[in-house]
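Here the structure is a predicted model, which means the values were calculated and not measured. First the proteins, then the strands, lettered A, B, ... as listed; each starts at 1.
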2 protein chains.
Amino acid sequence: MTFELTKEYVEHIQAAIEAQDDTTLRAEMEELYPADISGILYELDTETARYLLALLDRKVGAEILANLEVIDRQEFLQSFTSPDLAQYVDEMDSDDAVDLLNEQPIQTREEVIALLSDREQARFILDLLHYDEDVAGGLMQKELIKININLTVNQCIEEIRQQAENVENVYSVYVVDDADKLLGRVSLKKIVLARKNAKIADIYEEDVIFVETYRPAQEVSEVMQRYDLDAVPVVNVQGRLLGQITIDDVVDVITEQAELDIQAITGITGDVEEEDDTIWKLVGARLPWLIAGAVGSLMAATVINTFNSQLTKIAALAAFIPIIGSTGGNVGIQTASLIVQSLAEKSGLSATVGQRLAKMVLVALINGLIIGSLAGSYCLLIGEPRLVPVVSLALLTVVLLASFMGTITPIALNRFGINPAIASGPFITTVNDLLGIGVYFLIASLLLSI
Amino acid sequence: MTFELTKEYVEHIQAAIEAQDDTTLRAEMEELYPADISGILYELDTETARYLLALLDRKVGAEILANLEVIDRQEFLQSFTSPDLAQYVDEMDSDDAVDLLNEQPIQTREEVIALLSDREQARFILDLLHYDEDVAGGLMQKELIKININLTVNQCIEEIRQQAENVENVYSVYVVDDADKLLGRVSLKKIVLARKNAKIADIYEEDVIFVETYRPAQEVSEVMQRYDLDAVPVVNVQGRLLGQITIDDVVDVITEQAELDIQAITGITGDVEEEDDTIWKLVGARLPWLIAGAVGSLMAATVINTFNSQLTKIAALAAFIPIIGSTGGNVGIQTASLIVQSLAEKSGLSATVGQRLAKMVLVALINGLIIGSLAGSYCLLIGEPRLVPVVSLALLTVVLLASFMGTITPIALNRFGINPAIASGPFITTVNDLLGIGVYFLIASLLLSI
């Protein structure tokens, strides 16, 4: 069905490159899609990869470069001169061109733009460079097909013929007035089926969902998912049509967001991949949260140390430190992740913080009682009946506290514009660990009067 | 830009329903997209929601129902008779119709299919019911536009006119032979721009990416993302064109997979949403992993208890239980989540397990030395120099062990076809906690000879 990259195939290509067997290479690459060739480049060193790329048609090469992962592309393109880059950038969709240029040093970026032979492309890129990556303007491409409302279907087909050269997939034809203000859209299906002298004004749909340039990427992705859109037009505040965002770019936004959430939850910082990165990068990605966790735990150690005399009297107290810590951590993470999920969905009318807290308290009470009884029975089992009230009461309190923290932390982070998924990560675990141990020893010294 | 659901608006609609003010309701709903009306239904009780739905055009109603979340839809449709349901199912895309029918009891399902007035739709549905939900066959819809390779562009437009009634968005026109075998595709853009007497055989693209019915949904989603496809044709083993999968369905697959991963990591079981579910459902979603975690921690408690006499002698040993546990947990989760990520990406040739382990050991050694020195310095700070070797050596071992577990657990789970993201969750934390504490006390009794 699709191309499967094997070790043998890579070796075959490497051998052909070494032998400078351009005929074989061209024939082999002819069979593949640009996305597959990108996959092959990852397996070659910079020299051979450049050789292969140089053999191919510029347009195919541009697509291959657009398909590379950011990190690999940045490294690969370091060996390219500005004129080399300009040849490829000339052939790219404007959104991909801007992404690539944004990864380059400012000087290279300006040189490349100055060297572009397609002046429309240069203008497109200069327009797009203004926008942040994470708003609609930063996601859009300038390539689209727009027609004036006063045309007929026949004139419209002529327009499409002229404009379509630059546009890979035609999703919709956008209808604008003389000032380029977006009025609506007409599907290609309708154009195919309409009489040739019909007026666009009579067949177009006025009802069109659009986004403004300043809308956050997250919102664009929600809108496109909610209304099952393949493409959405982007307008400025005056309603002028500036570009369009296609669903494949939004799929990337969705995938990236999911990866960011999981990294936040699991305490990884920065953009790393297990396989390709250096040892130092992998160490650096893990260390910040590991140290934060260690510092938190050493604060817990300080708390425990102040209860040293009690521990000398009742050593069994130490046995319950793990359950206090892990229960607090698990409850906090579970609660936070459900809250994060409901924050992300924004479906319907959202419950107030008060309503959430009320429900949370009930759920925590039930879970706390069950876990508390379980640990209480264990105390009896190991012959420490005097610890039953201490351990069960401490666990109930810890579950309540951790649920409370798990509820309010993501809501608070979200208010301040920080990714709330962080609250399901090492941060909340550490805080809960610390709080839990404090509560446990306090309850112990109160109830056991030690 | 898009519709924002407010409390006032819902109250306004509720009041109109109570007053049976059908004119207002129809006028208001006319302004909205089906996806927005679905959002309103969530806020109404079953009676009023049914009243509102009954007012609307069947086709709009069908889209509204297709947009509802599974759980809510199942509950809502319980009050519908089979003839009621059949009226809506008649108007749905075949893939949505099958999803809806799969949620119904078998008897209702069969009644509805028998009652459909669109016999083609009934045949489509019976075809699709054979497939599992999580393979290409279960994602596809039967509606598509296919033309015989022997036609001209003009005949093709006539075909599109006849077939297009059922097809919402025309992405591509598929080209087949007399036996319905998929030969290629031709874009609508090409058809619009081609001469009317051109032959399809001369303008179509042979190069078409397709999937077989039995391919896993995950694979379909990867293929569509890799090649930036809006729609992919689905064929059987003989290459006969059976249906197509559109990108909006794949976006749902991607979003669901991300949610499942996060639930696996954070220890939530089952399909729950914070806002809408009952207390018991929320308790049930959290309890299994909480109990598993508690049992693990109580096993740790048993380990600690066997070192009771040592603890009585050196109470300060207890202070480091939290850092042993939390470091093991954090390292395990970080490692597992990076491994899970690289398993999911399958980009290029994957490193062998041996290569991963080698890299992992180096990263763990560095992190373990840093965290170990940090904790060692703390021992000096609190005046317990004899604990320096114990705590630092234990932490180094724990980091190595946890990294090892974090590397092999997801790989092993993946081999057995279990979602490897589970390895970033409470399971690995609990195991690491237990292992870590065992190692810590063992090292303590060996080094301190207590």
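In this structure, chain A has a heavy atom under 4.5 Å from the side chain of B/I254, while its backbone stays farther away. Residue B/L381 does not touch chain A at all, counting heavy-atom pairs closer than 4.5 Å. If you measure heavy-atom distances from B/V399 to chain A, you find no contacts under 4.5 Å at all. For A/T312, the parts lying under 4.5 angstrom from a heavy atom of chain B are both the backbone and the side chain. Contact annotation for A/I371: only side-chain heavy atoms (C-beta onward) come within less than 4.5 Å of a heavy atom of chain B. Both the backbone and the side chain of A/L193 come within contact range of chain B, with heavy atoms under 4.5 Å apart. Both the backbone and the side chain of B/I291 come within less than 4.5 Å of a heavy atom of chain A. Heavy atoms of A/I40 lying under 4.5 Å from chain B are absent altogether. Contacts of A/I279 with chain B are made by both backbone and side-chain atoms, with heavy-atom separations under 4.5 Å. Residue A/N330 touches chain B through both its backbone and its side chain, counting heavy-atom pairs closer than 4.5 Å. For B/I160, the parts lying under 4.5 angstrom from a heavy atom of chain A are both the backbone and the side chain. With a 4.5 Å cut-off on non-hydrogen atoms, A/I370 touches chain B through its side chain but not through its backbone. The part of A/I366 that comes within reach of chain B is its side chain, from C-beta onward, which places non-hydrogen atoms under 4.5 angstrom from that chain. In this structure, the portions of B/D207 lying under 4.5 Å from any heavy atom of chain A include both its backbone and its side chain. When heavy atoms are compared at a cutoff of 4.5 Å, A/V303 does not approach chain B at all.
The line from OG1 of A/T255 to CD of B/Q225 is 4.5 Å long, rounded to the nearest 0.5 Å. Rounding to the nearest 0.5 Å places CD1 of B/I314 at 13.0 Å from CG of A/L311. A/I321 CD1 to B/I437 CD1: the interatomic distance, rounded to the nearest 0.5 Å, is 8.5 Å. The CG atom of B/D261 sits 10.0 Å away from atom CD1 of A/I265, with the distance rounded to the nearest 0.5 Å. How far CG of A/L298 is from CD1 of B/I382: 9.0 Å, rounded to the nearest 0.5 Å. For the atom pair CD1 (B/I262) and CG (A/L338), the distance works out to 11.0 Å, reported to the nearest 0.5 Å.
Looking only at distances, a side-chain donor or acceptor of B/Y378 sits under 3.5 Å from a matching main-chain atom of A/T302.
Pairing each heavy atom of B/D433 with each of A/P322, the nearest pair is OD2-CB, 4.3 Å. Closest non-hydrogen pair, B/N305 versus A/A319, comes out as ND2-CB, 4.1 Å. Minimum heavy-atom separation, A/A318 to B/I304: O-CD1, 3.8 Å. The heavy-atom pair separating B/A316 from A/N308 by the smallest distance is N-OD1, 3.6 Å. Here the shortest heavy-atom pairing between B/T335 and A/R286 reads OG1-NH1, 3.2 Å. Between B/S326 and A/G293, the closest heavy-atom pair is OG-O, 4.1 Å.
Note: A/L287 leads A/T327, A/L287, A/L362 in heavy-atom pairs under 4.5 Å with chain B. With chain A as the partner, the residue from B/I333, B/L434, B/N367, B/L188 showing the most heavy-atom pairs under 4.5 Å is B/N367. Chain B forms the most heavy-atom pairs under 4.5 Å with one residue out of A/I191, A/T266, A/D228, and that residue is A/T266. Top candidate by heavy-atom pairs under 4.5 Å with chain A, chosen from B/D252, B/I324, B/V283, B/D249, is B/V283. Note on A/A258, A/S337, A/A300: by heavy-atom pairs under 4.5 Å with chain B, the leading option is A/S337.
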Could you go through B/M360 and A/L282, starting from their C-alpha distance and side-chain angles, then the distance that decides it, and tell me whether this counts as side-chain contact (heavy atoms from CB on, under 4.5 Å)? CA-CA 9 Å; B/M360 173 281 286; A/L282 289 173; over 6 Å; no
- request: Give the intermediate values and the outcome of side-chain contact (heavy atoms from CB on, under 4.5 Å) for residues A/D36 and B/R226.
  value: CA-CA 8 Å; A/D36 296 323; B/R226 178 156 18 132; 3.1 Å; yes
- Intermediate values then yes/no, side-chain contact (heavy atoms from CB on, under 4.5 Å), B/D230 and A/D230: CA-CA 7 Å; B/D230 311 309; A/D230 310 309; 5.5 Å; no
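Looking at heavy atoms from C-beta onward, A/L290 lies in side-chain contact with B/Q334 at the 4.5 angstrom threshold.
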